[in-house]
Amino acid sequence: MIRDTTSLQVERLRVGYHRRTVIRDLTLAPFHSGEITALIGPNATGKTTLLRALAGLQPAKGALYLGGDNLLSLPGSAHAARVTYMPQSLPPRVALTVFEATLSALKVAPGARQPAQQSHIQVMETLQRLGIDDLAHRPLTELSGGQRQLASLAQSVVREPTVLLLDEPTSALDLNYQFRVMNLVRALVRERGIIAVVVLHDIALASRWCDRVVVLSDGAVVADGPPATAVTADTLAQVYGVRARVLGDAQDDALQVIVEDVLDTGDATGQPSR
Ligand SMILES: Nc1ncnc2c1ncn2[C@@H]1O[C@H](COP(=O)(O)OP(=O)(O)O)[C@@H](O)[C@H]1O
Ligand SMILES: [Mg+2]
């Protein structure tokens with residue numbers, strides 16, 4: 001099979017913990033360079049597990065092709081050089097400043113040998129683009145939750161990865177910074193041809209900023225496509241157990257979801273599937 005060198009292909013991926021399989025034989029259409037995909041789905045459905053497997057942080061079976069290589073058969077450092085993952089939980093409160101933390105993320109990026117001055121410029125440019133350059137010399141321990149989330153994002157994007165995986169990057173952010181973050185991520189993805197997969201709970205945000213939406217439920221794909229195709233009332237009923245109206249402009253894919261009721265005819269337990 002000819003493999004596209006500018007896409008990430010997930011084939012028959014299987015990921016789990018001990019004896020419990022969370023993602024079972026998952027095959028997805030390729031993720032393309034320059035595109036952002038939103039990964040949405042209920043709590044505990046396997047979104048974080050999938051992202052961690054894509055990042056090489058969770059053992060997985062199957063194949064992850066990127067540029068002709070199966071990432072799962074590369075050494076961990078080679079995998080990590082191409083894929084960065086920003087975790088859902090905030091980073092530990094280490095006694096570094098925002099500048100130092102971002103610089104150390106850049107330094108551990110394999111192959112990132114460059115003069116110190118160049119690294120400093122790159123760090124400051126990243127902080128400026130995120131609108132947190134004024135926090136550069138503040139310790140991480142003194143930041144608010146939202147500020148730490150932005151500092152964590154700076155550490156992920158400064159490494160200029162081929163694949164950028166963000167796990168709920170806007171969960172602690174106000175409307176202003178939600179917009180800034182998604183706008184910046186999309187600009188970087190377009191400029192540098194990054195492949196981005198972003199877990200989001202907010203469907204309006206997902207449809208507004210992402211090219212594609214993958215809806216995951218119980219470790220399997222329920223819908224996958226442009227926002228207006230993937231996010232439908234039927235999908236929301238099946239996946240979240242809600243009766244909802246989806247309003248939107250199919251032209252620009254910006255969708256609004258109005259939940260009208262909770263369905264009590266989910267699975268055998270009478271609950272929406274979890
Ligand atoms: N470290 C772990 N050990 C065992 N089970 C886990 C671990 N992390 C997550 N799980 C389980 O895997 C399932 C998927 O979790 P997760 O990927 O975090 O879901 P999501 O990100 O969609 O909320 C859940 O049932 C969760 O309890
Ligand atoms: Mg999660």
Side-chain angles (χ1 to χ4, degrees), residues 8 10-28 31 36-62 64 71-72 76 79-80 83-92 145-146 148-150 152-153 155-156 163-173 178 181-182 185 195-207 209-210 212-224 227 230-231 235-242 244 257 259 262 266-274:
L8 175 68
V10 175
E11 288 181 16
R12 298 186 66 82
L13 195 74
R14 176 183 285 253
V15 200
Y17 304 93
H18 308 292
R19 299 235 173 101
R20 183 153 175 259
T21 305
V22 175
I23 307 281
R24 196 179 299 277
D25 294 324
L26 181 73
T27 296
L28 292 168
F31 295 108
I36 310 185
T37 300
L39 182 61
I40 69 171
N43 295 329
T45 214
K47 304 180 297 296
T48 294
T49 302
L50 174 59
L51 250 54
R52 286 178 51 84
L54 298 183
L57 300 170
Q58 193 67 40
K61 295 217 168 72
L64 288 177
L71 293 176
L72 298 184
H79 190 156
V83 184
T84 66
Y85 168 72
M86 175 181 142
Q88 180 175 357
S89 54
L90 292 169
R148 278 164 70 211
Q149 196 161 41
L150 291 165
S152 171
L153 184 64
Q155 292 173 66
S156 293
V163 180
L164 178 65
L165 307 172
L166 304 174
D167 204 345
E168 303 193 21
T170 57
S171 59
L173 301 181
Q178 285 180 11
V181 162
M182 293 310 296
V185 169
I195 296 165
V197 184
V198 183
V199 174
L200 292 169
H201 272 297
D202 184 334
I203 294 171
L205 209 59
S207 64
W209 293 103
C210 301
R212 170 179 170 192
V213 176
V214 173
V215 186
L216 203 66
S217 183
D218 284 332
V221 172
V222 175
D224 182 357
V231 180
T235 306
L236 298 176
Q238 181 188 348
V239 173
Y240 294 99
V242 294
V257 173
V259 176
V262 178
D267 59 14
T269 64
Q271 296 295 319
S273 62
R274 293 270 127 173

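Both ligands and their constituent atoms are indexed starting at 1 by order of listing. Sequence positions, counted from 1, serve as the residue numbers for this chain. Just so it is clear, the structure is predicted and the values come from calculations on it, not from any experiment.
Among protein heavy atoms, atom 23 (O) of ligand 1 sits closest to Ala44 N, 2.7 Å. The protein heavy atom nearest to atom 10 (N) of ligand 1 is Tyr17 CE1, 3.4 Å. Residue, atom and distance of the protein heavy atom nearest to atom 18 (O) of ligand 1 are Thr48 CB, 3.6 Å.
Every N/O-N/O distance between Val22 and ligand 1 stays at or above 3.5 Å.
Between Leu13 and Leu28 the shortest side-chain heavy-atom distance does not fall below 4.5 Å. The side-chain heavy atoms of Phe31 and Val10, taken from C-beta on, include a pair separated by under 4.5 Å. Proximity of Leu39 to Leu51: side-chain heavy atoms (C-beta onward) are separated by under 4.5 Å at one or more points.
At least one N/O/S atom of Thr48, whether from backbone or side chain, sits less than 2.8 Å from the Mg ion (ligand 2). For the Mg ion (ligand 2), the N/O/S atoms of Thr49 include none lying under 2.8 Å.
Ligand 1 has no atom lying under 4.0 Å from any heavy atom of Gly41. Judged by the shortest distance from any of its heavy atoms, Pro42 lies inside the 4.0 Å radius around the atoms of ligand 1.
Residues Gln149 and Ser171 have side chains that bring a donor and an acceptor to within less than 3.5 angstrom of each other.
The shortest non-hydrogen separation linking Leu236 to Ala244 is CD1-CB, 4.0 Å. Closest approach of Val222 to Ser217, counting heavy atoms only: CG2-CB, 3.5 Å.
Of all atoms in ligand 1, numbered sequentially from 1 with element shown, those under 4.0 Å from a heavy atom of Asn43 are 23 (O). Ligand-side atoms of ligand 1 in range of Thr49: 14 (C), 15 (O), 16 (P), 17 (O), range being under 4.0 angstrom from any heavy atom.
Of the heavy atoms in Arg20, only side-chain atoms (C-beta onward) come closer than 4.0 Å to ligand 1. In Thr45, the parts holding a heavy atom less than 4.0 Å from any atom of ligand 1 are both the side chain and the backbone.
Between Asp224 and Arg212, at least one side-chain nitrogen of the basic residue sits less than 4.0 Å from a carboxylate oxygen of the acidic one, meeting the salt-bridge criterion.
Summarising the geometry, atom CZ belonging to Arg14 is positioned 4.5 Å from atom CG belonging to Asp25; distances are rounded to the nearest 0.5 Å.
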